[in-house]
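Step one of this worksheet: look at the structure below.
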Amino acid sequence: MQVTENKRYNIHKSARLSCAPMMDWTDRHCRYMHRLLSRRTLLYTEMVTSPALVRGDARHLLRFDPSEQPVALQLGGSDPVELAKAAQMGADAGYPEVNLNCGCPSDRVQSGAFGAVLMKQPALVAECCAAMIAAQPAEVTVKCRIGVDDQDPEEVLPEFLARIVGAGVTRVTIHARKAWLQGLSPKENRDVPLLDYDLVHRMKGLFPNLHISINGGVSTLEHAKELLDAGLDGVMIGRAAYHNPTDILQAADAVVWGEDMGPEPVDVVLQMRDYIEAHMADTTRGGGKLMPVVKPMLGLFAGRPGARQWRRYLSENAHLGGAGWSTIEDALAAMERTAA
């Protein structure tokens, strides 16, 4: 029990700043690199569906490097029994947090009766959360929207939060936009619906003991700090942390937690060497190809001299046969020549 409580304490502190779970983006390679930039920031997996784990026995989707901690598993699903089993699998794999996705608006997710459509079924969400909590020791959290379609967020969000709090949830991340399940694409749902930060702040007033993180529209560390200073417990950053990881994460430990700055991006690249070479050598885990590891590294030098050459060289060469660590070294050299 003591170990569980210590993990929960640490992850609550880390939840002051987190990187959003993003399909096809926040894979284990991305998370490994992000952890080099920030020791504190809470990282999330891509969404893993409970059917894939429980019915498909896709345990490989739970793999992560221990150095990624603190890292949380995000699950998608709507069956309480199945989610409980999936949460147990996540806890057994070493995740100290299991997050239930109630915010994704994609058609594929809706067809599975989970994601943002669950905003319409708060009683079911509460039942799912209670089952997950009872089944295993990891903390169960929820990521949601302020509402969907024609719902009135002022009415539905307080009810939704009250339901999950009643089920035992103590931490939630709220994407401060509605999701439109019909008429907008998933991409448009990230930008088109208006942000309502004030509503999220009011929820903190209504639920003072609930740890509330805000998500949506945050693209700088300075903005995140403003939201924290205004009384929210945490801020979750999505695409900006992926496309501009150094700008968001290098100073995160210093700005948010008062600790040391993270390493320079060149040092991050050099620290990736052992990881990259191990990945290239391990063909049993999808290794042997450089591009999957390079993909989240493309934005490391965003806004810095030579950044375009770094991206271009890797984009053109990392997928070629024989690409490996020497390709990374060549990309660094090309960037340095351009910046000189």
Side-chain angles (χ1 to χ4, degrees), residues 10 13-14 16-20 22 25-45 64-71 219-222 224-225 237-282 287 289-319 323-340:
N10 291 334
K13 291 185 70 174
S14 290
R16 283 181 59 77
L17 184 71
S18 58
C19 291
M22 294 179 287
W25 288 12
T26 53
D27 60 17
R28 58 192 175 92
H29 307 310
C30 175
R31 299 192 306 266
Y32 187 91
M33 187 199 73
H34 280 180
R35 180 57 67 223
L36 293 176
L37 282 163
S38 169
R39 297 177 303 279
R40 284 285 200 174
T41 303
L42 176 58
L43 306 179
Y44 280 83
T45 68
F64 67 94
D65 191 287
S67 66
E68 295 173 30
Q69 292 283 19
V71 58
S219 60
T220 68
L221 191 57
E222 292 74 20
K225 187 63 164 56
I237 301 181
R239 286 164 290 163
Y242 186 91
H243 292 303
N244 302 287
T246 303
D247 286 351
I248 300 297
L249 295 175
Q250 184 189 29
D253 292 0
V255 171
V256 178
W257 292 279
E259 299 181 359
D260 293 338
M261 289 274 291
E264 291 296 321
V266 169
D267 295 323
V268 171
V269 173
L270 298 177
Q271 290 175 45
M272 288 287 292
R273 179 170 185 168
D274 288 347
Y275 180 86
I276 289 172
E277 291 184 339
H279 166 77
M280 298 296 293
D282 186 4
K289 296 182 179 180
L290 182 62
M291 196 63 203
V293 189
V294 161
K295 182 184 171 187
M297 298 173 64
L298 294 176
L300 265 174
F301 298 95
R304 290 163 172 77
R308 181 176 298 179
Q309 187 60 28
W310 162 262
R311 289 180 61 92
R312 177 183 300 165
Y313 190 92
L314 290 177
S315 297
E316 293 176 352
N317 294 280
H319 68 281
W325 175 250
S326 62
T327 308
I328 304 290
E329 292 181 315
D330 292 342
L332 284 173
M335 180 181 68
E336 291 170 357
R337 286 195 299 271
T338 302

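The model shown is predicted, which means the values in this text are computed figures rather than measured ones.
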Any non-hydrogen side-chain atom of [X] less than 4.5 Å from a side-chain atom of [Y]?
X: Trp310; Y: Arg304; answer: no
X: Leu298; Y: Ser315; answer: yes
X: Pro292; Y: Asp27; answer: no
X: Leu221; Y: Lys225; answer: no
X: Arg16; Y: Trp257; answer: yes
X: Tyr275; Y: Met272; answer: yes
X: His319; Y: Leu290; answer: no

Between [X] and [Y], what is the shortest heavy-atom contact and its length?
X: Ala323; Y: Ala318; answer: CB-O, 3.5 Å
X: Tyr313; Y: Asp330; answer: OH-CB, 3.2 Å
X: Leu17; Y: Ala252; answer: CD2-CB, 3.6 Å
X: Asn244; Y: Ala302; answer: OD1-CB, 3.2 Å
X: Val268; Y: Pro263; answer: CG2-CG, 3.7 Å

Open item on the list: With side-chain contact (heavy atoms from CB on, under 4.5 Å) as the criterion, how do Cys19 and Thr41 come out once you've worked through the C-alpha distance, each side chain's angles and the decisive distance to 0.1 Å?
Closed with: CA-CA 7 Å; Cys19 291; Thr41 303; 4.0 Å; yes
Just verifying a value: how many Å separate [X] [atom1] and [Y] [atom2], rounded to the nearest 0.5 Å?
X: His34; Y: Tyr44; atom1: NE2; atom2: OH; result: 15.0 Å
X: Met291; Y: Lys295; atom1: CE; atom2: NZ; result: 8.0 Å
X: Leu249; Y: Arg35; atom1: CG; atom2: CZ; result: 9.0 Å
X: Leu314; Y: Ile328; atom1: CG; atom2: CD1; result: 5.0 Å
X: Tyr32; Y: Leu37; atom1: OH; atom2: CG; result: 12.0 Å
X: Ser219; Y: Ile248; atom1: OG; atom2: CD1; result: 7.0 Å

Task: Note: Arg40-Asp260 ion pair, threshold 4.0 Å (strictly below) - done: no
TODO: State whether Arg31 and Glu68 are salt-bridged, where the test is any N-O pair (Lys NZ or Arg NE/NH1/NH2 against Asp/Glu carboxylate O) under 4.0 Å.
DONE: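 A salt bridge is present here (some side-chain N lies under 4.0 Å from a carboxylate O).
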- [ ] Report the C-alpha separation of Phe301 and Leu332 in whole Å, then their side-chain angles, then the decisive distance to 0.1 Å, and conclude whether the side-chain contact (heavy atoms from CB on, under 4.5 Å) test is met.
- [x] CA-CA 10 Å; Phe301 298 95; Leu332 284 173; 4.1 Å; yes
TODO: Let me know which of Arg28, His29, Met33 forms a side chain to side chain contact (heavy atoms under 4.5 Å, CB included) with Val293.
DONE: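 Going through the options one by one, the only one that passes is His29.
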Open item on the list: Name the residue from His279, Met280, Arg273 that meets the side chain to side chain contact (heavy atoms under 4.5 Å, CB included) definition with Ile276.
Closed with: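 Per the side chain to side chain contact (heavy atoms under 4.5 Å, CB included) rule, the option paired with Ile276 is Met280, out of His279, Met280, Arg273.
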Task: Asp253 side chain vs Glu259 backbone, donor-acceptor pair below 3.5 Å - done: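 Here the side-chain-to-backbone pair does not exist.
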Open item on the list: If only side-chain N and O atoms count, and only distance matters, is there a donor-acceptor pair under 3.5 Å linking Glu264 with Gln250?
Closed with: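 Looking only at side-chain atoms, Glu264 and Gln250 do form a donor-acceptor pair, the distance falling under 3.5 Å.
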- [ ] Identify, with sequence neighbours excluded, every residue that meets side chain to side chain donor-acceptor pair (under 3.5 Å) alongside Asn317.
- [x]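 Residues passing side chain to side chain donor-acceptor pair (under 3.5 Å) with Asn317: none at all.
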TODO: Compute the centroid of each ring, for Trp25 and then for His243, and state whether the two points are separated by less than 6.0 Å.
DONE: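 For Trp25 and His243, the ring centres are under 6.0 Å apart.
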